[in-house]
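Residues take their numbers from the sequence shown, with the count starting at 1. Everything numeric here is computed off the predicted structure, so don't read it as measured data.
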Amino acid sequence: MHIEYDRENDVAYVSLVAHIADGAAVRQVTVETPGGGSDLNLDFDEAGLLLGIEVVGAHAGLPEELLLPAPHPDR
């Protein structure tokens, strides 16, 4: 598992596999969190396996300790 966090846009991505190839995520499902402060975009592959989770509004949807050490995607 790997987490990247874009502080400027408050978006985190949680990769559940070591590498997600371009085009591997063929289906996305959006889920609103119960508090409504963030949205989760679930990325699935062709077989229906969950590859990763994009968290839009990450500060409201993830614990702070996950975001602090997370590298920025441009690094």
- How many angstroms lie between CG in Asp43 and CD in Gln28, if you round to the nearest 0.5 Å?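 The CG atom of Asp43 sits 5.0 Å away from the CD atom of Gln28.
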Residues which pass side chain to side chain contact (heavy atoms under 4.5 Å, CB included) with [X], listed by chain and number, not counting sequence neighbours:
{"X": "Val31", "result": "Val29, Leu40, Leu42"}
{"X": "Pro63", "result": "Glu65, Leu66"}
{"X": "Ala18", "result": "none"}
{"X": "Ala60", "result": "none"}

- Whichever hydrophobic residues join Leu51 through chains of side-chain contacts under 4.5 Å: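 Hydrophobic cluster check, Leu51: joined to Tyr13, Val17, Ile20.
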- Considering only heavy atoms from C-beta outward, does the side chain of His59 approach that of Glu64 to under 4.5 Å?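 They are in side-chain contact.
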- Test item: Ser38 side-chain N/O and Val55 main-chain N/O as donor-acceptor pair under 3.5 Å: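 No.
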- Message: Tell me every residue that passes side-chain hydrogen bond (donor to acceptor under 3.5 Å, both in side chains) with Asn9, counting only those two or more places apart in sequence or in another chain.
- Response: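 For Asn9, the residues satisfying side-chain hydrogen bond (donor to acceptor under 3.5 Å, both in side chains) (neighbours in sequence not counted) are Asp6.
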Please check if [X] and [Y] belong to a single hydrophobic cluster, counting links between Ile, Leu, Val, Met, Phe, Trp and Tyr side chain heavy atoms closer than 4.5 Å.
{"X": "Ile53", "Y": "Tyr5", "result": "yes"}
{"X": "Val56", "Y": "Leu50", "result": "no"}
{"X": "Val11", "Y": "Leu68", "result": "no"}

- Query: If you draw a 6.0 Å radius around CD in Glu46, do more than 12 non-hydrogen atoms from other residues or ligands fall strictly inside?
  - Reply: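 Not buried by this count: 12 neighbours or fewer within 6.0 Å.
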- Message: Whether the Asp39 and Thr30 side chains hold a donor-acceptor pair (N or O, under 3.5 Å, no angle test) is what I'd like checked.
- Response: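 Side chains of Asp39 and Thr30: no pair found under 3.5 Å.
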